[in-house]
K.L.:
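Dropping a structure here in structure tokens format, bear with me for questions.
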Amino acid sequence: MTLPPFDLHRPQSLEEATQLLERYGDDAALYCGGTELLLLLKLGFASFGQLVDLKGIEELRGLRADNGTLVIGAAATHREVERDRLVLERLPALAAMERGVANIRVRTVGTLGGNLCFSDPHSDPATFLLALDAEVECRRGSGPPRRVPIGEFTVGAYQTALQPGELLTAVRVPVPPEGTRIVHRKLRFHERPAVTVTCAVRSENGGVADARIAVGSVGVVPVRATEAERLLASGQPVTAAAEAAAGVAGAVEDANGSVEYKENLVRVLVERALMEALA
């Protein structure tokens, strides 16, 4: 497999990247790690005459803390996130999730921002970040930043809420309150998740004070199982919450299995994740 011919651009600023997008329109594609895009080009599933490499934009790199929120540059690789000192200290569950993404080659090159922008329905980070009420920060050139909740950013398979000329610049992940237990579980085939589940539970006085449950990789977009969260917080058994999560997962039939099969996987994984979080 060989790449089709293209012109390569390496902007050094967001302004320059936006100008390139405006100049070339639909013939331009942004990339940073390129683990998904370059494979599509090799397979002939996509064609772009202009590729814009974002790795040289310093503003897209790095990771910092901001009033209880981890701010991760869009160009930070999965490997950088999983090994970052701040992540390991303040949100080790994020590091653990990133450690399970694909393989070491992909994690070393692929970026968190690129993963979210590609919007592959089979994604670990999107499900995890949805459960933690994360946001993405987007900017067009030198304009003001725009924050979008993860649940609104991913609008469909390979579709996002990015506006023309806009780039995802950072991912903002709130650090949950002390006492919150986060469990991320998945079943995968050939390194691609067939079902992903993230449960974040905070217990208080022998009961559930707060619960967040997200399910992904079985449908077009990851979803929050809000009814399952309500059931768990009201004292209903874990099995009832797992059943409710399976019902709203939005499973679709594909090469990984039927709708019924996927819903059963969701039911099992949510129950196991909740039991572990509550243990």
K.L.:
Within this structure, what is the NZ-OG1 distance for the pair Lys55 and Thr111, rounded to the nearest 0.5 Å?
P.N.:
9.0 Å
K.L.:
When you group the ILVMFWY residues by side-chain heavy-atom contacts below 4.5 Å and let the links chain together, are Leu116 and Leu167 in the same group?
P.N.:
no
K.L.:
Do Leu41 and Tyr31 come within less than 4.5 Å of each other through their side chains, counting heavy atoms only?
P.N.:
no
K.L.:
Distance check, rounded to the nearest 0.5 Å: Glu36 atom CD versus Phe118 atom CZ?
P.N.:
4.5 Å
K.L.:
Checking side chain to side chain contact (heavy atoms under 4.5 Å, CB included) for the pair Leu63/Glu80: CA distance, chi angles, key distance, verdict?
P.N.:
CA-CA 9 Å; Leu63 193 152; Glu80 288 171 342; over 6 Å; no
K.L.:
Mind listing the closest non-hydrogen atom pair of Gly141 and Thr18 along with its distance?
P.N.:
N-OG1, 2.9 Å
K.L.:
Can you confirm whether Asp26 is buried at CG, in the sense that more than 12 heavy atoms of other residues, nucleotides or ligands lie under 6.0 Å from that atom?
P.N.:
no
K.L.:
Begin with the C-alpha distance, continue with both residues' side-chain angles, and end with the deciding distance and a verdict on side chain to side chain contact (heavy atoms under 4.5 Å, CB included) for Glu59 and Leu14.
P.N.:
CA-CA 8 Å; Glu59 185 178 343; Leu14 291 176; 3.4 Å; yes
K.L.:
Is the CZ atom of Arg272 crowded by more than 12 outside heavy atoms at less than 6.0 Å?
P.N.:
no
K.L.:
So, do Leu39 and Thr35 sit near enough that their side-chain heavy atoms are less than 4.5 Å apart?
P.N.:
no
K.L.:
Would a distance-only check, ignoring hydrogens and angles, find a side-chain to backbone donor-acceptor pair under 3.5 Å from Arg139 to Gly143?
P.N.:
yes
K.L.:
State, to 0.1 Å, how close Gly113 and Leu168 come at their nearest heavy-atom pair, and which atoms those are.
P.N.:
CA-CD2, 4.2 Å
K.L.:
Contact between Leu278 and Val208 at the side-chain level, heavy atoms closer than 4.5 Å - yes or no?
P.N.:
yes
K.L.:
I'd like to know if the side chain of Glu152 reaches the main chain of Pro149, judged simply by a donor and an acceptor atom lying under 3.5 Å from each other, with no hydrogens or angles considered.
P.N.:
no
K.L.:
Would you give the length of the straight line joining atom OG1 of Thr108 to atom CZ of Arg79, rounded to the nearest 0.5 angstrom?
P.N.:
6.0 Å
K.L.:
Rounded to the nearest 0.5 Å, what separates atom SG in Cys199 from atom CD1 in Ile182?
P.N.:
11.0 Å
K.L.:
Which is it for Asp84 and Leu70 under the side chain to side chain contact (heavy atoms under 4.5 Å, CB included) test, yes or no, and what are the steps along the way?
P.N.:
CA-CA 11 Å; Asp84 187 89; Leu70 291 177; over 6 Å; no
K.L.:
I'd like to check the side chain to side chain contact (heavy atoms under 4.5 Å, CB included) partners of Glu178; sequence neighbours left out, ordered by chain and number.
P.N.:
none
K.L.:
Please round to the nearest 0.5 Å and tell me the distance separating atom CZ of Arg185 and atom CD of Glu271.
P.N.:
14.0 Å
K.L.:
Which pair of non-hydrogen atoms, one from Val136 and one from Phe153, has the smallest distance, and what is that distance?
P.N.:
CG2-CD1, 3.5 Å
K.L.:
How about CZ on Arg202, more than 12 heavy atoms from neighbouring residues, nucleotides or ligands closer than 6.0 Å, or not?
P.N.:
yes
K.L.:
Test side chain to side chain contact (heavy atoms under 4.5 Å, CB included) on His78 and Asp124; report intermediate values, then the result.
P.N.:
CA-CA 11 Å; His78 299 291; Asp124 283 272; over 6 Å; no
K.L.:
Are the side chain of Arg107 and the backbone N or O of Val101 linked by a donor-acceptor pair below 3.5 Å?
P.N.:
yes
K.L.:
Donor-acceptor pair, Lys262 side chain versus Val252 backbone, under 3.5 Å?
P.N.:
yes
K.L.:
Do Leu38 and Phe48 belong together in a cluster built from hydrophobic side chains that touch within less than 4.5 Å?
P.N.:
yes
K.L.:
Under 4.5 Å between any side-chain heavy atoms of Asp53 and Leu51, yes or no?
P.N.:
no
K.L.:
State, with a plain yes or no, whether a side-chain heavy atom of Asp120 is found less than 4.5 Å away from one of Arg192.
P.N.:
yes
K.L.:
Kindly determine whether Glu276 and Arg181 satisfy salt bridge (charged side-chain N to carboxylate O under 4.0 Å, His left out), including the steps that lead there.
P.N.:
CA-CA 9 Å; Glu276 184 175 343; Arg181 180 77 188 278; 3.6 Å; yes
K.L.:
Please give me the minimum heavy-atom distance between Cys138 and Leu162, naming the atom from each residue.
P.N.:
SG-CD2, 3.8 Å
K.L.:
Nearest heavy-atom pair of Ala273 and Val197: which atoms, and what distance?
P.N.:
CB-CG1, 4.2 Å
K.L.:
Glu263 versus Val259: any side-chain heavy-atom pair under 4.5 Å?
P.N.:
yes
K.L.:
Are any of the side-chain heavy atoms of Cys32 and Thr77 separated by less than 4.5 Å?
P.N.:
no
K.L.:
Roughly how far, to the nearest 0.5 Å, is OG of Ser47 from CG of Leu3?
P.N.:
11.0 Å
K.L.:
Look at the rings of Tyr24 and His9 and say which category their plane angle falls in: under 30° parallel, 30 to 60° tilted, over 60° perpendicular.
P.N.:
tilted
K.L.:
Check each of Gln163, Glu166, Glu22, Glu15 against Arg140 using the side-chain hydrogen bond (donor to acceptor under 3.5 Å, both in side chains) test, and report the only one that passes.
P.N.:
Glu22
K.L.:
Report yes or no: do Tyr261 and Leu269 belong to one cluster of Ile/Leu/Val/Met/Phe/Trp/Tyr joined by side chain heavy-atom distances under 4.5 Å?
P.N.:
yes
K.L.:
Does the side chain of His122 reach to within under 4.5 Å of the side chain of Asn256, using non-hydrogen atoms?
P.N.:
yes
K.L.:
For the pair Gln12 (side chain) and Arg10 (backbone), establish whether a donor and an acceptor sit closer than 3.5 Å, ignoring hydrogens and angles.
P.N.:
yes
K.L.:
Mind checking whether Phe189 and Val266 sit in one hydrophobic cluster, side chains of I, L, V, M, F, W, Y counted as touching below 4.5 Å?
P.N.:
yes
K.L.:
Donor-acceptor pairs under 3.5 Å, side chain of residues 211-233 to any protein atom, not counting sequence neighbours: which ones?
P.N.:
{"residue": "Arg212", "atom": "NE", "partner": "Asp210", "partner atom": "OD2", "Å": "3.4"}
{"residue": "Ser217", "atom": "OG", "partner": "Ser123", "partner atom": "N", "Å": "3.4"}
{"residue": "Ser217", "atom": "OG", "partner": "Thr196", "partner atom": "OG1", "Å": "3.1"}
{"residue": "Arg224", "atom": "NE", "partner": "Glu229", "partner atom": "OE2", "Å": "2.7"}
{"residue": "Arg224", "atom": "NH1", "partner": "Leu130", "partner atom": "O", "Å": "3.3"}
{"residue": "Arg224", "atom": "NH1", "partner": "Asp133", "partner atom": "OD1", "Å": "2.8"}
{"residue": "Arg224", "atom": "NH2", "partner": "Glu229", "partner atom": "OE1", "Å": "3.3"}
{"residue": "Arg224", "atom": "NH2", "partner": "Glu229", "partner atom": "OE2", "Å": "3.2"}
{"residue": "Glu227", "atom": "OE1", "partner": "Arg230", "partner atom": "NE", "Å": "3.1"}
{"residue": "Glu227", "atom": "OE2", "partner": "Arg230", "partner atom": "NE", "Å": "3.4"}
{"residue": "Glu227", "atom": "OE2", "partner": "Arg230", "partner atom": "NH2", "Å": "2.6"}
{"residue": "Glu229", "atom": "OE2", "partner": "Ile213", "partner atom": "N", "Å": "2.7"}

K.L.:
Examine Leu60 and Ile72 and state if one hydrophobic cluster contains both, with Ile, Leu, Val, Met, Phe, Trp and Tyr joined whenever side-chain heavy atoms are less than 4.5 Å apart.
P.N.:
no
K.L.:
Between Arg172 and Asp66, does the salt bridge (charged side-chain N to carboxylate O under 4.0 Å, His left out) criterion hold? Intermediate values first, please.
P.N.:
CA-CA 9 Å; Arg172 302 180 62 87; Asp66 178 24; 3.0 Å; yes
K.L.:
Determine yes or no for a side-chain-to-main-chain donor-acceptor pair under 3.5 angstrom, with Thr160 supplying the side chain and Cys117 the backbone.
P.N.:
no
K.L.:
Where is the tightest heavy-atom contact between Ala245 and Val270, given as atom of each residue plus distance?
P.N.:
CB-CG2, 3.9 Å
